[in-house]
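Each chain gets a letter, A, B and so on, in the order the sequences are listed, and its residues count up from 1. What you see below is based on every heavy atom in this structure, not just the backbone, and it leaves out hydrogens, waters and symmetry mates. Nothing here was measured: the structure is a model prediction, and the numbers come from that model.
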Amino acid sequence: MRLTTAFDGIEAGIIIDEAEAYGGSDDPASHAYRGRTARNASMFEGAGTLYVYRIYGIHWCANIVTGPEGEPSAVLIRGGVPAIGRDAMIQRRGSAGHLSDGPGKVCQALGITGVADGTSVVGGPVRLAAPTKRLPIQIQESPRIGISRGTSRRWRFVARNVDGSSLALT
DNA sequence: CACCTGATTGCCT
DNA sequence: GGCAATCAGGTGA
């Protein structure tokens with residue numbers, strides 16, 4: 001899927017190639033594990049809601065809510081391949097390399113901040129859209145990264161070419 | 001109210 | 001491979 005943004009009249013977008021799933025009260029690694037708080041309120045909204053939070057006091061991370069209202073679950077967008085608005089992404093990131101290979105980098109490159117928290121990915125400033133064409137890929141599953149609880153779940157998903165190489169636009 | 005830690009990144013050796 | 005940056009949410013007294 002593509003993740004596109006339109007902030008200040010600037011369009012940018014990536015092809016998502018890395019993501020992680022997070023649940024609710026059954027998932028100790030989830031922000032919603034201990035119930036609803038001011039920060040994770042968006043996770044309790046309906047599917048298609050954007051959940052944006054600040055991490056380490058520095059970076060933003062973006063999730064797309066997947067469950068019905070009241071049942072928190074979301075997918076963290078961990079990485080993607082720059083597809084449109086590459087120049088804008090380079091300007092926001094400050095350099096040309098590693099534009100969107102990490103959750104914090106994805107948000108910085110696409111201009112996603114806390115102001116987009118709670119918005120819909122259908123018709124909002126941040127949108128989830130179908131790919132323009134379906135590429136031959138495989139999905140690799142592995143444990144989630146950067147967490148200290150719930151590590152046994154293999155809920156990290158990385159899209160790769162059929163030969164195992166990283167996705168890249170050709 | 002004090003303390004701790006994190007769904008990360010980038011620079012240093 | 002190691003570690004600092006930087007701060008709000010969450011926890012416990």
Are A:V122 and A:L50 grouped together when hydrophobic residues (ILVMFWY) are joined by side-chain heavy atoms under 4.5 angstrom apart?
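A:V122 and A:L50: one cluster.
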
Ion pair check, A:E20 and A:R78, cut-off under 4.0 Å
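Result for this pair is yes, salt bridge flagged.
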
Find the distance A:N40:CG to B:dA7:P and express it as a whole number of Å.
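My rounded result for the distance is 12 Å.
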
Touch check for A:R39, heavy atoms < 4.0 angstrom, all strands: base, sugar-phosphate only, or nothing?
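Contact class for A:R39: sugar-phosphate only.
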
Under a 4.0 Å threshold between the charged nitrogen and the carboxylate oxygen, would A:R156 count as salt-bridged to A:E141?
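Between A:R156 and A:E141 there is no salt bridge, as every charged N stays at least 4.0 Å from the carboxylate O atoms.
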
Do A:L110 and A:I64 share a hydrophobic cluster (ILVMFWY, side-chain heavy atoms under 4.5 Å, transitive)?
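Same hydrophobic cluster.
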
I need the residues from residues 90-103 of chain A with at least one non-hydrogen atom less than 4.0 Å from DNA chain B; give them sorted by number, or say none.
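Those residues whose heavy atoms fall under 4.0 Å from DNA chain B, taken from residues 90-103 of chain A in numerical order, are A:R93, A:G102, A:P103.
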
Where is the tightest heavy-atom contact between A:Y22 and A:L76, given as atom of each residue plus distance?
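Reported closest heavy-atom pair: CE1-CB, 4.1 Å.
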
Which stems, defined as runs of 3 or more consecutive Watson-Crick or G-U wobble pairs with both pairing distances under 3.5 Å, involve DNA chain B?
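The stems that DNA chain B takes part in, listed by first number, are B:1-6 with C:7-12, B:8-12 with C:1-5.
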
Does atom CD (A:Q91) have a neighbourhood of more than 12 heavy atoms from anything else shown, all under 6.0 Å?
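12 or below, so no.
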
Any donor-acceptor N or O pair under 3.5 Å, side chains A:Q108, A:R92:
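No donor-acceptor contact under 3.5 Å links the two side chains.
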
Atom-pair distance (CZ on A:R78; C1' on B:dT9), nearest Å:
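Interatomic distance, CZ of A:R78 to C1' of B:dT9: 11 Å.
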
Rounded to whole angstrom units, what separation is found between the OH atom of A:Y33 and the C1' atom of B:dG6?
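Result: 17 Å.
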
Is the phosphate of B:dT5 approached by A:S148 (side-chain N or O, under 4.0 Å from OP1 or OP2)?
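Answer is no, no contact under 4.0 Å.
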
Closest-nucleotide ordering on DNA chain B, the 5'-leading residue of A:R149 and A:Q108
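It is A:R149, whose closest nucleotide lies nearer the 5' terminus.
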
Give a yes or no on whether the backbone of A:A74 and the side-chain of A:N63 come within a donor-acceptor separation of less than 3.5 Å.
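Answer holds: no.
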
Work out how far the C1' atom of C:dC3 is from that of B:dT5, and round it to whole angstrom.
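Rounded to whole Å, the distance is 16 Å.
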
Those residues of residues 45-62 of chain A lying under 4.0 Å from DNA chain C by at least one heavy atom
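Heavy-atom contacts with DNA chain C come from A:Y56, A:G57, A:I58.
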
If I take atom CD1 in residue A:I145 and atom C1' in nucleotide B:dT9, what distance separates them, rounded to the nearest angstrom?
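Interatomic distance, CD1 of A:I145 to C1' of B:dT9: 13 Å.
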
So which atom in A:R160 and which in A:G164 form the shortest heavy-atom distance, rounded to 0.1 Å?
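Where A:R160 meets A:G164 most closely, the heavy atoms are CD-O, 3.1 Å.
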
Does this structure show an ion pair linking A:R39 with A:D117, if we count only N-O contacts that are shorter than 4.0 Å?
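Here A:R39 does not pair with A:D117 in a salt bridge, since their nearest N and O are not under 4.0 Å apart.
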
Donor-acceptor pair between A:T49 and A:S42 side chains, under 3.5 angstrom:
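Looking only at side-chain atoms, A:S42 and A:T49 do not form any donor-acceptor pair under 3.5 Å.
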
Separation of atom CZ in A:R36 from atom P in C:dG10, rounded to whole Å:
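Spelled out: CZ on A:R36 to P on C:dG10 is 12 Å.
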
Without decimals, in angstroms, what is the distance between A:I147 CD1 and B:dT8 C1'?
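After rounding, the reported distance stands at 14 Å.
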
